[in-house]
Amino acid sequence: MCGIVGYIGRKERAQDVILDGLRRLEYRGYDSAGIAINHGDELRVVRTLGKLLNLESALRDVPLVGAVGIGHTRWATHGRPSERNAHPHRVGTVALIHNGIVENYLSLAKELQSAGCELTSDTDTEVIAHLIYEARKSGAGLIEAVRETVSRIEGSYAIAVIDERESDRIVVAKNGGSPAIVAPGDGEAFLASDIPAILPYTRQMIPLEDGDIALLRAESIEIFDAAGTRIEREIRRIQWDPVRAEKGGYDRFMQKEIYEQPRAISDTIGARALEEQGEIDLDGIELDPKWVEELRGIHLIAMGTARHACLIGADIFERAARIPATVDFSAEYRYRDPVVGDRHLLIPVSQSGETTDTVVAARAGRERGARTLAVCNTQDSTIARECDDVLYTHCGPEIGVASTKCFTGQIVALYLIALRLGRLRGTLDRGAVREAIVDLRRLPRLVERALQSWNAIEQVSRRYAHFSNFLFLGRGLGYPVAMEGALKLKEISYIHAEGYAAGEMKHGPIALIDEQMPVLLVATGSPTYEKVLANAAEARARGGIVIAIADEGNTEIRDYADDVLFVPPAPEPLSAVLATIPLQIFAYQIATLKGTDVDQPRNLAKSVTVE
Ligand code: F6R
């Protein structure tokens with residue numbers, strides 16, 4: 001969380017590039033924003049509370065001219081959102097932006113105060129700026145001052161620092177769960193938390209690793225380790241298409257991303273599904289058949305929407321490859337002493353590849369000997385780099401804070417892995433995989449068809465936008481889909497919604513059901529379809545209103561539901577992808593009717609890089 005951006009290069013350009021970068025990173029936090037520009041020997045800082053728009057309008061009248069600058073968009077951790085807590089923090093000649101958490105900031109603050117420093121914010125970040133400035137006053141150059149300071153910081157950080165007395169450079173340092181990339185341009189250099197910020201300017205980047213300190217000048221980028229020794233880091237080519245990070249005529253990114261699902265799914269399948277051979281090629285990832293045969297279990301770890309994809313994945317692994325599969329919140333896994341070792345496959349699933357809980361949980365599993373295979377959307381992200389293997393979802397940049405296309409992309413990626421494992425273990429023959437591939441290849445067209453119901457779903461959502469509580473129910477694969485539908489609704493419309501296993505309804509939640517609590521019921525074709533119908537009848541018998549998600553052609557469902565959102569029928573597990581589409585649209589439409597900020601819902605940030 002928090003977005004950091006920096007630019008050094010041509011005169012007059014820094015402010016524009018930084019504001020543009022912040023706009024592209026605003027999904028990382030939007031409590032406040034700020035910018036610092038070095039112009040010659042003069043450093044100027046402007047900070048505003050609230051969204052980036054406020055900063056943009058503050059700069060409209062008095063633009064900051066200069067060739068070197070840094071900018072920040074904040075998701076508050078220490079210190080409430082306010083102008084004084086906004087970054088950049090300026091101390092003397094130094095201005096600094098930070099993403100992360102300084103765990104020992106209280107002791108550092110005490111030490112600084114005893115030495116006579118006045119702290120003017122409630123943040124943990126300000127102590128870093130003071131320490132750097134104090135080191136500068138004692139004669140250290142900017143890069144030495146940063147090196148000395150970071151050696152005293154406990155916690156995670158991606159920081160960028162400029163100083164009006166060394167105005168030809170930006171110093172960047174990274175440690176822990178806060179991502180930072182630096183990128184060379186033509187006579188210019190960039191830094192950012194995430195690729196979208198630099199997409200329009202360069203196709204190259206270097207992801208910084210823990211302990212790296214980078215010195216950016218217009219003509220060069222040098223990277224040093226904690227001891228000050230120069231190190232070489234490989235320059236990576238950015239694969240994402242810049243156009244994909246634009247709204248492209250849609251009202252909101254979330255809407256665009258929902259519509260992009262056929263393409264995202266088709267790109268994720270790509271050349272991995274070999275229909276003729278009845279085989280899956282996971283980008284050449286080598287899995288020793290004997291090791292696969294002896295696998296004791298698969299552990300899937302993730303947070304939020306990605307965890308819902310894992311719940312579907314676990315079911316698929318058990319069915320297709322007959323391997324016991326468990327799912328955990330990454331935040332729980334790392335603390336619960338799991339039984340995991342070299343006979344386990346650990347699959348961290350993450351859109352951003354930067355979710356701290358998932359990064360750390362994956363490390364913990366790896367340390368115990370598990371083989372790690374990440375499912376990840378962001379190229380060269382921390383999780384992608386640290387795991388033994390990565391299978392990318394090719395969904396393109398996901399900018400809307402609520403995840404949509406990456407959820408369905410993750411299901412598809414997990415299905416591909418399950419099919420491969422099934423072949424290696426002999427639980428699936430070529431014919432079965434061939435059939436699965438034929439279905440997978442049809443999936444993008446079926447999703448397109450499901451999207452054609454957008455207007456019909458909009459009509460239905462109008463009837464329900466005034467309710468304050470919703471229950472989402474499903475069985476089997478419909479259960480994680482129900483949880484995902486509830487999560488989408490609550491995060492963008494702020495309406496209370498719960499996802500439950502439909503079979504659990506009678507064990508408690510049924511007490512909630514009345515005419516004020518609509519029930520969204522996933523009732524697409526499945527082995528438990530009849531049981532789901534029984535749940536619908538039970539809800540209605542208690543005055544409940546039922547909105548069912550059902551297969552096109554299902555004529556009886558109208559007897560069980562007040563409204564029906566139809567999707568094209570498909571075999572499991574692909575039916576889970578199709579059942580998700582109307583729930584995404586339903587949440588989107590209700591939020592739009594309520595007038596919330598769909599792309600940047602309150603209190604949330606796209607990548608959660610703090611625990
Ligand atoms: C919800 C949402 C979050 C993320 C979660 C994990 O719409 O987007 O619940 O799924 O924060 O993020 P990643 O996938 O980046 O690890």
Side-chain angles (χ1 to χ4, degrees), residues 1 3 25 27-29 75 177-179 193-196 252-255 257-258 261 264 268 300-313 327-334 347-363 374-387 390-393 395-411 413-414 472 480-481 483-494 497 499 580 583-588 591 596-611:
M1 18 243 314
L25 286 189
Y27 57 78
R28 296 184 65 90
W75 188 86
S178 309
S193 310
D194 263 350
I195 298 171
R252 306 212 166 68
F253 277 111
M254 183 177 172
Q255 184 188 32
E257 288 157 7
I258 292 173
Q261 289 177 103
T268 298
L300 295 121
I301 51 169
M303 299 300 287
T305 288
R307 194 185 70 94
H308 297 156
C310 288
L311 290 167
I312 292 169
V327 180
D328 237 314
F329 293 100
S330 318
E332 297 295 328
Y333 187 80
R334 54 184 292 202
I347 306 188
V349 177
S350 175
Q351 181 284 127
S352 62
E354 301 293 351
T355 299
T356 299
D357 287 316
T358 307
V359 170
V360 181
R363 273 180 204 151
V375 170
C376 191
N377 194 50
T378 308
Q379 188 201 339
D380 295 317
S381 54
T382 304
I383 293 174
R385 291 199 315 271
E386 289 191 3
C387 284
V390 55
L391 188 73
Y392 283 111
T393 48
C395 301
E398 192 179 62
I399 312 285
V401 164
S403 185
T404 51
K405 60 178 177 174
C406 287
F407 175 67
T408 47
Q410 285 158 355
I411 297 173
L414 290 170
F472 286 66
V481 169
M483 286 198 284
E484 176 58 9
L487 177 62
K488 287 288 90 76
L489 185 64
K490 68 184 131 191
E491 65 184 335
I492 61 170
S493 73
Y494 317 145
T580 303
L583 296 180
Q584 293 171 340
I585 300 172
F586 184 79
Y588 178 88
T596 59
D597 189 338
V598 170
D599 280 341
Q600 295 173 352
R602 70 184 180 204
N603 303 340
L604 295 174
K606 183 90 184 141
S607 324
V608 182
T609 51
V610 293
E611 280 185 56

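Note that the structure is a prediction, hence the values are computed from the model and not measured. Remember, it's 1-based here, ligands and their atoms both numbered in the order they're listed.
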[atom]: the protein heavy-atom neighbour that sits closest, reported with distance to 0.1 Å:
atom: atom 16 (O) of ligand 1; result: Thr355 OG1, 2.5 Å
atom: atom 11 (O) of ligand 1; result: Val608 CG2, 4.2 Å
atom: atom 7 (O) of ligand 1; result: Glu491 OE2, 2.5 Å
atom: atom 6 (C) of ligand 1; result: Met303 O, 3.3 Å
atom: atom 14 (O) of ligand 1; result: Gln351 N, 2.6 Å
atom: atom 2 (C) of ligand 1; result: Thr305 OG1, 3.8 Å

Any side-chain heavy atom of [X] within less than 4.5 Å of one from [Y]?
X: Thr305; Y: Lys488; answer: yes
X: Met254; Y: Thr404; answer: yes
X: Asp357; Y: Phe329; answer: no
X: Asp194; Y: Arg28; answer: yes
X: Leu414; Y: Ile312; answer: no

Can you list the atoms of ligand 1 that are under 4.0 Å from a heavy atom of [X]?
X: Ala306; answer: 10 (O), 14 (O)
X: Lys488; answer: 1 (C), 7 (O)
X: Ser352; answer: 13 (P), 15 (O), 16 (O)

At under 4.0 Å between heavy atoms, is it the side chain or the backbone of [X] that contacts ligand 1, or both, or neither?
X: Thr358; answer: neither
X: Glu354; answer: neither
X: Arg307; answer: neither

inquiry  = By the definition side-chain contact (heavy atoms from CB on, under 4.5 Å), identify the one residue from Pro397, Ser350, Cys395, Ser403 that meets it with Asn377.
reply    = Cys395
message = Between Lys405 and Glu398, does any NZ, NE, NH1 or NH2 come within less than 4.0 Å of an OD or OE carboxylate oxygen?
response = no
task = Output all residues satisfying salt bridge (Lys or Arg N to Asp or Glu O under 4.0 Å) with Asp599, sequence neighbours left out; order by chain, then residue number.
result = none
message = What's the separation between atom CZ in Arg307 and atom CG in Leu487, rounded to the nearest 0.5 Å?
response =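 If I round to the nearest 0.5 Å, the distance is 10.0 Å.
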ask   = At the 4.0 Å heavy-atom cut-off, does Val401 count as touching ligand 1?
value = yes
